[in-house]
Amino acid sequence: MIDDNILLVTENENVAENVLSKLVLLRESDSIAVCDYKMALKTLQMPSVSIVIVHERENNEKTLKFIEAIKSTEYEIILLVDKYDQDLILTAYDHGVTDYYSVQSEPYEMLIRTVNCFKTRALKVKSSRDLALLKQLSVVDEETGFYKYKFSKELLAEFIKDPKVKNGMFIILTLDETSKTRFSADKLSKAIKKSVRCDDVVSIVKGGKFYMILPNVDKHGAFSVVNKIQNLVTEKLIIRAGVAKISEKTFERLEKEAYSALSEACQSNETVVFLEEKVKTLDNWLDTEEKNEKNFKLFKNAYNNKLEKVIAPVFFRLQKAYEEKLFNTKIEQYSDELQSVFYLKNSKQESRLKITYPGFAKIVIYIIHEGLDSPENKEIPLNLNEITPKTIAKIVEDFIKEFKSCIKD
């Protein structure tokens, strides 16, 4: 049995002598053992090894196969190369190495990279112990390591207070309704786990939904994560996601914005929707977060009044007026707490106008003609005081003209 915590695997005595001479500045408690490739697997059964330095073999394929064979969560692997080979190094990272250096590296470089591997190993050990404790306390799910619903809101509300998280994104992710009959919680969880980073936070929520906090990521990075998850679950399961910027928001507001974006994604059949942050507010009466919270109920009541007195009546009137003018076209309109929809469909074209209420002093009107890009498809933000019968009627009638134009084209 060995007590050495670094194992150098090589069959070249000169390389072994070179490395041993350069790593003499390690801590007194650190020691290095050397073995060949045949003895490596047996030697690695010893529990004391923390770092394995693998000297490249006679060809890249054999080197990568050896790394794959010894890969473990119990120690870190450093690739030792005779000369710089970008393809080998990058592929070795994919196979599980933590770092690399060359035989010609200066002693200080070898020392720094080796010490950093010790630090990485220590962090992983601590993280593993913390996770085991959280599982024991039933805070995280045994299989996935995601936070359980019971604790999710309280924990996520604390996480978003971290200054490092303020410039990140919050995602609510679920499966499309058509996919839930083929729902595989295990498969979706595995896809999410493979797609997020170690500092991302994921929580399991009721209704087959997942909350995700992605620090230091913009909306494009959030889209990439969702698309990666979609690719992993294949086309048989369709992902829907709503994204909101974390910024200085409370968790309640952040959750509401992400749900609004998720609703938009589900209604428009988009994979992911990002709810743009609205900077200017109606009449400047929501200048601060504190004022926003105080005036939220007031604005919601005002919006509901506009919905009842303006939006719904205009939608109903135009539906009746155009049912006799648009032949062989299905016209539908409806309103709920999150959106109002005016929908047109015939054998050639399907178009949708949606008025959404993100939860602050603006509404957003989305015009979507299926199969088309700009300029027909657009997003129109309106202040509350701009919602008049004349304005809404003009926007809907222009939308109908665009629909008719799409059919002709």
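Cation-pi geometry between Lys325 and Tyr322 is satisfied (NZ or CZ under 6.0 Å from the ring centre, within 45° of the ring normal).
The stretch residues 81-106 participates, sequence neighbours left out, in these salt bridge (charged side-chain N to carboxylate O under 4.0 Å, His left out) pairs: Asp99-Arg113.
Here Ser203 contributes atom OG and Lys153 contributes atom NZ; the two are 10.0 Å apart, rounded to the nearest 0.5 Å. If you take NZ on Lys249 and NZ on Lys166, they are separated by 11.0 Å, rounding to the nearest 0.5 Å.
Side-chain polar atoms of Ser263 and Ser260 form no donor-acceptor pair below 3.5 angstrom. Under the 3.5 Å distance criterion, with hydrogens and angles disregarded, a donor-acceptor pair is assigned to the side chains of Tyr101 and Thr114.
The two residues Val217 and Arg197 make their nearest non-hydrogen contact at CG2-NH2, 3.4 Å. The minimum heavy-atom distance linking Ser50 with Phe118 is given by the pair CB-CE2, 4.0 Å. Residues Lys354 and Gln339 come closest through the heavy atom pair CD-OE1, 3.6 Å. When all heavy atoms of Pro215 and Ile213 are compared, the closest pair comes out as CD-O, 3.4 Å. Contact record, Ile229 with Ser195: CG1-OG, 3.4 Å, taken as the closest heavy-atom pair. Between Leu214 and Ala222, the shortest heavy-atom contact is CD1-CA, 4.0 Å.
For Thr10 (side chain) and Asn12 (main-chain N/O), a donor-acceptor pair under 3.5 Å exists by modelled atom type. Panel note: side chain Lys330, backbone Leu344; no donor-acceptor pair is recorded below 3.5 Å. In this structure a side-chain-to-backbone donor-acceptor pair under 3.5 Å is missing from Ser105 to Val103. Formation of a donor-acceptor pair under 3.5 Å by the Ser102 side chain with backbone atoms of Val81 is not found in this model.
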From CA spacing to verdict: ring pair (Phe, Tyr, Trp, His ring centres under 6.0 Å), Phe251, Phe170: CA-CA 10 Å; Phe251 180 74; Phe170 177 65; 5.8 Å; yes
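Electrostatic pairing of Glu397 and Lys401 does not count as a salt bridge here, judged by no charged N lying under 4.0 Å from a carboxylate O.
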